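A quick write-up on the structure given underneath.
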2 protein chains.
Amino acid sequence: MQQVDIVIKNSTILTMDNKTSTVENGCLCVQGDSISHIGTGDEEEYSAPKIIDARGGLVLPGLINGHTHAAMSLFRGLADDLPLMEWLNNYIFPVESKMDSDFVYTGTLLACAEMIMSGTTTFCDMYLFEEQAVKAARKAEMRCLAGEALYDFPSPNYGHVEEGLNYTESLIQKWADDPIISIAVAPHSLFTCSPDLLTAANELALKYEVPFVIHVAETLTEIDEVRKRYGKTPVNHLHSLGILGPHLIADHCVYIYEEEIEMMAAYGVKVIHNPESNMKLASGIAPVPEMIAKGLNVGLGTDGCASNNNLDLFGEMDMTAKLHKVNSLDPTVMDTVTVLKMATIEGAKALGIEDITGSLEVGKRADIIILDCNKPHLTPMYNPYSHCVYAASASDVSYSIINGRLIMEDRRLISLDINEIIAKAEKKAVQVRQWVKGQGFNGSGFNKGRG
Amino acid sequence: MQQVDIVIKNSTILTMDNKTSTVENGCLCVQGDSISHIGTGDEEEYSAPKIIDARGGLVLPGLINGHTHAAMSLFRGLADDLPLMEWLNNYIFPVESKMDSDFVYTGTLLACAEMIMSGTTTFCDMYLFEEQAVKAARKAEMRCLAGEALYDFPSPNYGHVEEGLNYTESLIQKWADDPIISIAVAPHSLFTCSPDLLTAANELALKYEVPFVIHVAETLTEIDEVRKRYGKTPVNHLHSLGILGPHLIADHCVYIYEEEIEMMAAYGVKVIHNPESNMKLASGIAPVPEMIAKGLNVGLGTDGCASNNNLDLFGEMDMTAKLHKVNSLDPTVMDTVTVLKMATIEGAKALGIEDITGSLEVGKRADIIILDCNKPHLTPMYNPYSHCVYAASASDVSYSIINGRLIMEDRRLISLDINEIIAKAEKKAVQVRQWVKGQGFNGSGFNKGRG
């Protein structure tokens with residue numbers, strides 16, 4: 001009888017390893033922060049203070065949200081169904097200019113609660129007051145890659161962009177040895193960052209060997225703007241600045257051309273696909289099947305709550321599988337295993353953390369979720385991969401383990417006080433309503449009797 | 001103090017009436033099978049054996065699933081991501097040919113459990129052994145419009161198509177006075193039904209003044225086939241047979257042209273949009289914004305579980321709002337109120353039952369759901385319509401009332417025994433696996449290590 005910390009028994013394990021191995025009647029053990037054993041029906045050989053009976057459910061790697069702005073959870077539903085520029089200029093930018101560090105801390109905690117409850121164990125965040133986002137992730141005990149948004153104009157957090165680079169560097173140094181937090185350099189986009197800023201940001205990323213995260217080719221407006229300023233497509237602009245490389249995480253990539261896909265693949269660039277946000281903002285459809293066919297590494301993200309309006313990667317997987325089928329009129333593209341990989345191991349590769357998470361393998365950190373399948377909408381189960389992508393929903397996640405720590409048990413959060421977070425978030429929402437009112441707009445649409 | 005049967009207090013009521021009225025601090029009373037009162041903060045004036053505290057949540061009309069094949073819940077995930085004809089010929093048609101009445105009863109009960117738990121209170125079903133589907137709906141106490149699928153070839157239920165028309169007529173007579181069940185005439189499609197069958201079916205529908213439900217213009221293959229046989233588009237073929245009219249419920253309508261939309265609107269034809277199924281099968285995108293702009297009545301459906309793979313109208317609403325935005329590159333189309341209407345009052349109009357359900361108004365039957373909003377992903381709430389479409393999920397539905405009867409209480413089903421249904425469904429799945437094996441195909445994809 002071997003002593004471990006956690007035993008998960010009576011499950012089907014979707015390892016998402018490089019053979020997409022499935023283990024029936026599975027037993028998985030956690031020792032310290034890592035997975036110490038994966039076997040079949042041998043739970044009698046292990047004892048642990050915490051034994052979890054998965055009741056025939058699915059055990060899979062915690063999902064990886066490759067791109068979000070977590071604190072925007074406080075702007076969820078503030079304004080929808082508007083032209084992009086009206087949405088940004090009249091709602092999002094004005095309220096963001098009023099934010100402070102406590103706002104970002106509260107919003108990120110709220111987002112972490114939602115993400116844990118929907119099966120996400122790792123997220124890549126880009127926002128303002130990012131030290132607060134990191135503190136919230138640490139409090140929630142979520143794995144997080146965080147980058148302060150850098151741009152040419154003054155930031156309500158750091159002020160001048162020079163200070164933004166210093167702020168980022170100090171974050172990198174401060175969190176260098178943390179087991180679950182890491183820092184990225186995150187210039188916002190090619191239309192909000194000068195070539196000088198992009199070059200300085202790239203030097204900083206290369207100096208510390210951390211990822212360089214940026215929005216790329218999200219909208220036609222951006223394509224036009226970058227072409228007007230630099231006479232190039234976004235990808236070629238990045239290329240000419242020497243920024244293409246395996247450290248580059250390019251979010252969105254909606255308007256990417258065939259030869260650019262090949263070049264990005266050759267340079268080992270990572271892409272994060274955000275279908276729901278791209279659909280809701282009517283940005284367009286990224287050529288993901290083509291990217292994957294050409295060997296590009298593509299992860300999945302939700303983007304911020306203001307353009308989604310949730311952080312549910314199960315919904316995002318369903319959308320990904322279906323959107324590309326109808327877009328190509330080919331039902332065989334984006335099969336369920338491909339899509340589940342995007343939300344797990346391919347997401348881990350995109351964030352450069354595939355050695356520690358993204359699949360269930362002995363020696364990797366224990367980032368694990370359990371799906372309770374004793375539900376009508378998950379009955380019967382002919383194919384667990386199909387269920388994960390097409391039938392399961394966020395609320396089917398019953399347990400979450402991150403870095404070996406039990407974070408959610410039978411849907412009860414352990415690291416966070418959900419009522420306290422909701423109450424704090426409601427207080428921030430009162431502020432947001434006042435900010436929007438101050439702008440002379442009615443952000444709620446509540447009593448407009450629209451439609 | 002007035003005595004009623006049920007009081008729902010402390011809620012925001014989205015009535016979905018013709019002014020899209022929203023009632024804050026709402027109090028709704030049910031008396032018998034109907035809504036007897038809707039007011040603001042006046043719950044002290046009513047007493048009832050059942051008082052439900054919505055805890056600040058949303059009260060809205062039960063959702064209406066305008067098109068499904070409920071018993072196909074037993075084929076959920078049996079085969080995915082295949083070319084349509086391979087999927088139909090190698091999996092769906094072979095297993096359907098082996099079905100019997102108990103199979104349909106079990107599958108429909110499973111579907112009803114899922115639908116109630118995801119906020120649906122009414123569904124329109126088209127399948128085989130439909131008497132069993134009706135019995136299951138009655139057992140579940142769900143409102144149901146049911147039609148036996150009619151086609152030229154022999155049915156495992158009724159045999160020759162003549163018998164199918166007789167079977168349908170006897171169902172119409174038998175259930176004529178039921179408060180929650182009604183019967184439609186449901187020829188399968190224009191490529192599986194001869195003009196003679198369609199004409200006879202139409203006469204039957206007109207004789208009893210019941211709806212005529214049919215798949216129309218779902219795929220390009222159908223368009224080609226109908227053109228080859230009759231030299232017409234599907235809608236023009238129906239027109240030439242004299243079938244266009246307010247009794248016609250046309251499911252899918254993916255390939256419909258502008259002048260056809262105008263003609264359908266002029267005839268008062270109803271359309272049911274099934275975006276997830278159309279996406280997953282790579283059928284195409286129905287021109288729904290154009291249909292609505294031209295005054296067509298469009299409801300929302302999930303289609304069967306084999307091509308979705310769930311019966312969740314919250315997911316379907318989210319998909320509808322986003323799909324048409326990206327398809328038109330216009331973020332203002334399919335706003336949240338328009339989409340929520342499709343799943344409620346417009347769905348009721350499509351099924352011809354808008355006098356009794358689809359909105360919360362005094363005198364209408366009490367078909368009501370409550371959303372529990374004390375959750376991170378529904379916090380904060382600036383706009384309840386936005387939350388319903390973009391943020392809420394099936395599992396947020398906490399209560400369901402159908403025809404005045406409390407059917408789900410704090411997510412516990414009252415009319416159905418969920419464990420018994422799941423156990424019976426699992427037994428049927430054993431049969432299905434054998435049927436697929438007998439065909440020489442591996443239906444599960446389980447151990448194929450795909451991807």
Side-chain angles (χ1 to χ4, degrees), chain A residues 19-20 22 74 76-78 80-84 110 113-114 117 276 278-282 284-285 309-310 315 318 322-323 325-326 329-332 335-338 341 374 376-377 379-383 386-387 390-391 393-395 418 421-422 425-426 429 443-447 449-451, chain B residues 19-20 22 74 76-78 80-84 110 113-114 117 276 278-282 284-285 309-310 315 318 322-323 325-326 329-332 335-338 341 374 376-377 379-383 386-387 390-391 393-395 418 421-422 425-426 429 443-447 449-451:
Chain A
K19 291 176 184 155
T20 317
T22 309
L74 291 172
R76 187 199 315 272
L78 177 65
D80 300 292
D81 308 339
L82 296 171
L84 182 67
L110 178 68
E114 179 185 352
M117 295 184 82
E276 294 198 36
N278 297 156
M279 293 170 82
K280 182 162 183 280
L281 298 175
I285 300 173
N309 293 351
N310 58 37
D318 185 50
K322 287 170 178 159
L323 174 63
K325 286 177 172 61
V326 79
L329 292 183
D330 179 356
T332 70
D335 65 88
T336 56
V337 169
T338 298
K341 278 181 171 175
N374 297 291
H377 69 279
T379 302
M381 191 185 303
Y382 300 109
N383 181 330
S386 169
H387 269 24
Y390 292 127
S393 72
S395 64
I418 209 169
I421 291 171
I422 288 177
E426 295 291 1
S444 79
F446 199 120
N447 294 313
R450 291 189 303 173
Chain B
K19 291 177 185 158
T20 316
T22 308
L74 291 172
R76 187 199 316 272
L78 177 65
D80 300 294
D81 307 339
L82 296 171
L84 182 66
L110 178 68
E114 179 185 353
M117 295 184 81
E276 294 200 35
N278 297 157
M279 293 171 83
K280 183 162 182 277
L281 297 175
I285 300 172
N309 297 347
N310 58 37
D318 184 50
K322 287 171 178 160
L323 174 64
K325 287 177 170 63
V326 78
L329 291 183
D330 180 356
T332 69
D335 66 88
T336 55
V337 169
T338 298
K341 278 181 172 177
N374 297 291
H377 70 279
T379 302
M381 191 185 304
Y382 299 108
N383 181 330
S386 170
H387 269 24
Y390 292 127
S393 72
S395 63
I418 210 171
I421 290 171
I422 288 177
E426 294 290 1
S444 78
F446 199 121
N447 292 313
R450 291 188 304 173

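Scope of the values below: all heavy atoms of this structure, side chains included, with no hydrogens, waters or symmetry mates. This one's a predicted model, so the numbers in the text were calculated from it and none came from an experiment. Sequence lines set the chain letters: A, B, ... in the order given, protein chains first and strands last, and positions in each chain run from 1.
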*asked:* Which residues pass the side-chain hydrogen bond (donor to acceptor under 3.5 Å, both in side chains) test with A/Asn278, not counting sequence neighbours?
replied: A/His252
*Under 4.5 Å from any heavy atom of chain A - which part of B/Leu281*: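 Just its backbone gets close to chain A.
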_Contact leader toward chain A among B/Glu114, B/His387, B/His377, where contacts are heavy-atom pairs under 4.5 Å_ =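 Looking at each of B/Glu114, B/His387, B/His377 in turn, B/His377 comes out on top.
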_Which of B/Ser395, B/Ala394, B/Gly315, B/Ala425 touches chain A most, by non-hydrogen pairs under 4.5 Å_ =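 Among the listed options, the one with the most contacts to chain A is B/Ser395.
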I need the minimum non-hydrogen distance between [X] and [Y], along with the two atoms involved.
X        : Y        : value
B/Arg76  : A/Tyr382 : O-CD1, 3.2 Å
A/Asn310 : B/Ala391 : ND2-O, 3.7 Å
B/Ala282 : A/Asp330 : CB-N, 3.4 Å
A/Ile285 : B/Val326 : CG1-CG2, 3.7 Å
B/Glu426 : A/Thr379 : OE2-CG2, 3.8 Å

_Side-chain heavy-atom pair B/Pro380, A/Leu74 within 4.5 angstrom cut-off_ = yes
*Just wondering, do B/Leu110 and A/Pro376 contact through their side chains at under 4.5 Å, heavy atoms?*
yes
*Between the side chains of A/Asp80 and B/Thr336, does any donor sit under 3.5 Å from an acceptor?*
no
*Could you pull out all residues at least two apart from A/Lys322 that satisfy salt bridge (charged side-chain N to carboxylate O under 4.0 Å, His left out)?*
A/Asp318, B/Glu276
_If I take atom OG from residue A/Ser386 and atom CG from residue B/Asp81, how far apart are they, to the nearest 0.5 angstrom?_
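With rounding to 0.5 Å, OG (A/Ser386) is 7.5 Å from CG (B/Asp81).
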